[in-house]
Participant: 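Below is one structure. I have some questions about it.
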Amino acid sequence: MDTLVLETRAIGWAYDGNWLRIEAHGPDGLRLRASSFPDRGARAGALLDAPRDTTPSAPVVTRDGGTARITHGRITAEVDLQGRVRFLNARGEVLLEEKWRQRDTISQYWTVGTKEVRTISALGLSGREFKSLPGDEARITVRFEAKPGERLYGMGQYQQPNLDLAGCTLELAQRNSQASVPFVVSSHGYGLLWNIPAVGEVHFAANGATWTARAAREVDYWITAADAPAEILRNYAAVTGTVPMMPDYALGLWQSKLRYRTQDELLAVARDYHARGIPLAVIVADFFHWPVQGDWRFDEREWPDPAAMTAELKAMGTELLVSVWPTVDHRSENYATMAEKGYLVRAMRGLDVQQEFLGNTRFIDVTHPGARDFLWQTTKRNYRDKGVALFWLDEAEPEYSAYDFDNYRYHAGSVLEVGNAYPLHYAQAFHDGLRAEGETEIVSLVRCAWAGSQRYGALVWSGDIHSSFEAMRNQLSAGLNMAMAGIPWWTTDIGGFHGGNVGDPAFHELMIRWFQWAVFTPILRMHGHRDPITPPAEPFRDGVAQCDTGAGNELWSFGEPVFAILRDYAALRERLRPYVASLMRAAHESGDPLMRPIFYDYPDDPRAWAVDDQYMFGPDILVAPVTAAGVTERSVYLPHGLWRDAWTGERIEGGVDIACTAPVERIPVFLRDGAGVADAFDARN
């Protein structure tokens, strides 16, 4: 029986109810789908089912005996009679190969000279494994052969210092401060998107990679090949979408703290910035400005005239960002309608309380199109129509009080099967609503993401992290791996979120180091829950628990010496705005990340692949943050070429490590020689 199938743009395999299909998709890209269930066509809601296939040319489909091949640009897939798959680049080198160890199939093959060497194994391991669950889901495992010396980057945001993910085990699940964006870029010249939004794991082990989905209906992944990481990311962006154009006003300083409790308090801070001559791009009305969670409106007792507030802010050149939570208290004015229409996440067992924080709440189910529209129409009426330009989509994982993923169900399916796509649909609700209003430069601050979130204007931040140098170091790797996962808009809470006493000299050092680093990230944003905390005057009002508020978190809140340094760096960011705008344009047009590992711009420099504590901010600025207390000197690697010290003007021939002095008021920064951005630093001197 012939198990292979050849089509115009795809090859396939089928045997005993199992099937596999590989089709051309996007530049130099192939999409693989496989299952032991009947093929029902493209799975509803799959990321790559969107009409984004920018395939430039027709693939070449051939067969050679027991092997079917599809070549699409610089990538080729081969499928043999047993349904085993491997991928090759344009030079015929193996990029990725499924790992099979079975007695009755060819378990491994490779070429030595002109001879193909084949072995068999009694282990009984399959490259693709389906273990049936009740219904039409299965626990799916995909195994790939090891590639010695391979480096791996991307996969989203994990709270660890590892930039190279080879050897790491990663949970494929959304949590507060963790974002699963399962696109990985290999130093061997390929990128792979695990196009399954199921909760699972991936192990990038020395003896092979193993991907697992705890509940899914089919294997679904996309792979692309290119000679440089930048080309791989651009291929990915062509398939999954790019960010909108960032509004020009958003390139400056964003100001926030745990929360400004009243309209008067928020306006007083904005007026103070204006009086001091410090441009303020955005100021934030954070959570619990509402009467009850799920009302999605200002409490008129503290915020009596939002339209007048936004108008005054705009007159000062500042936009208002308003926090939106997906939590809905049963006491909310919207709860009954949402419950009736099925717009809320459902628990499958036990008492249906999904988060317990100043109230017992359920989450809005943003995988439901009707729920997304209800959320947008409510926020439009209560915020947008009163002049609010920006939205902060907090709790976007969503943050279950207990991450019992198997206990919750969305409109799109069980959380185990589709849960990781929740933050994408959350951003989609506001993107689609704003687009319907005629907006094109759309940005929403979101606390989580999945693959493709970028096309909905998701500016992702790294969650509720600790105020420590250790956390700062983790954010450097997190931000760079988010960039390599195709999420170019990323930011952190400067100084960390939890802790940080405004009077503590140790925290002052951390704040300075974090702020000067944040100048060279996509968005410069002050936020944090600072000590000492001010308890609410009324612990309860109308039976609803009230939220506390943290200490000041403005540039001047940490004393005059700190203020002087932060003010200078805020001014530097203002001078860098034209350069940052050019990077935003590149992100919009081609998917290039603003901050990226050194190897992104210097892929032919082996040393650049080993550097994990410095990075490029666009093509012209090399940044080497100080991420430890008490450090005033650090080593910096300069890639080949001529460089200029941004502060001293000294010119240095690259290809070397240099010892760089770094007093607390100075972050080591080097400029590609001849870059026009040097003028911004000359103005500071």
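Keep in mind that this is a model prediction, so the values were computed, not measured.
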Participant: So which heavy atom on Gln174 is nearest to which on Pro423, and how close?
Facilitator: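 Minimum heavy-atom separation between Gln174 and Pro423: NE2-CG, 3.9 Å.
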
Participant: How about Phe204 and Trp211: are their ring centroids closer than 6.0 Å?
Facilitator: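 So the answer is yes for these two rings.
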
Participant: Hey, can you tell me if Tyr400 and Phe405 have their rings parallel, tilted or perpendicular (30° and 60° cut-offs)?
Facilitator: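 Aromatic pair Tyr400/Phe405 classed perpendicular.
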
Participant: Check side-chain hydrogen bond (donor to acceptor under 3.5 Å, both in side chains) between Thr224 and all other residues, then give those that pass, not counting sequence neighbours.
Facilitator: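 Per chain and number, Thr224 pairs via side-chain hydrogen bond (donor to acceptor under 3.5 Å, both in side chains) with Asn235.
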
Participant: So, Phe87 versus Tyr190, ring centres under 6.0 angstrom or not?
Facilitator: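 Phe87 vs Tyr190: aromatic centres not under 6.0 Å.
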
Participant: Answer whether the closest heavy-atom distance between the side chains of Arg69 and Thr67 falls below 4.5 Å.
Facilitator: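 The answer is yes, as the side chains (C-beta and beyond) meet within the 4.5 Å cut-off.
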
Participant: Would you name the heavy atoms of Ala215 and Ala198 that are closest together and state the gap between them?
Facilitator: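 Of all heavy-atom pairs spanning Ala215 and Ala198, the closest is O-CB, 3.4 Å.
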
Participant: Should the pair Phe599 and Tyr153 be assigned to parallel (<30°), tilted (30 to 60°) or perpendicular (>60°) ring geometry?
Facilitator: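 Answer is tilted, since the angle falls between 30° and 60°.
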
Participant: Kindly state whether the ring of Tyr221 and the ring of Phe144 have centres lying under 6.0 angstrom apart.
Facilitator: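 For Tyr221 and Phe144, the ring centres are under 6.0 Å apart.
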
Participant: Please tell me whether Phe37 and Phe130 form a close aromatic pair, meaning their ring centres lie under 6.0 Å apart.
Facilitator: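 That pair fails the under 6.0 Å test.
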
Participant: CG/Leu152 to NZ/Lys147 distance, rounded to the nearest 0.5 angstrom?
Facilitator: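 Leu152 atom CG to Lys147 atom NZ measures 10.0 Å (nearest 0.5 Å).
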
Participant: Classify the ring geometry between Tyr426 and Phe430 as parallel (under 30°), tilted (30 to 60°) or perpendicular (over 60°).
Facilitator: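 If you compare the ring of Tyr426 with that of Phe430, the planes turn out perpendicular.
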
Participant: Would you list the pairs meeting ring-ring contact (aromatic ring centres under 6.0 Å, His included) in which at least one residue belongs to residues 156-182, sequence neighbours left out?
Facilitator: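 Every pair satisfying ring-ring contact (aromatic ring centres under 6.0 Å, His included) with a residue in residues 156-182: there are none.
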
Participant: Any chance CZ of Arg435 has more than 12 other-residue heavy atoms, nucleotides or ligands included, within less than 6.0 Å?
Facilitator: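 No, because the 6.0 Å sphere around CZ of Arg435 holds 12 heavy atoms or fewer from other groups.
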
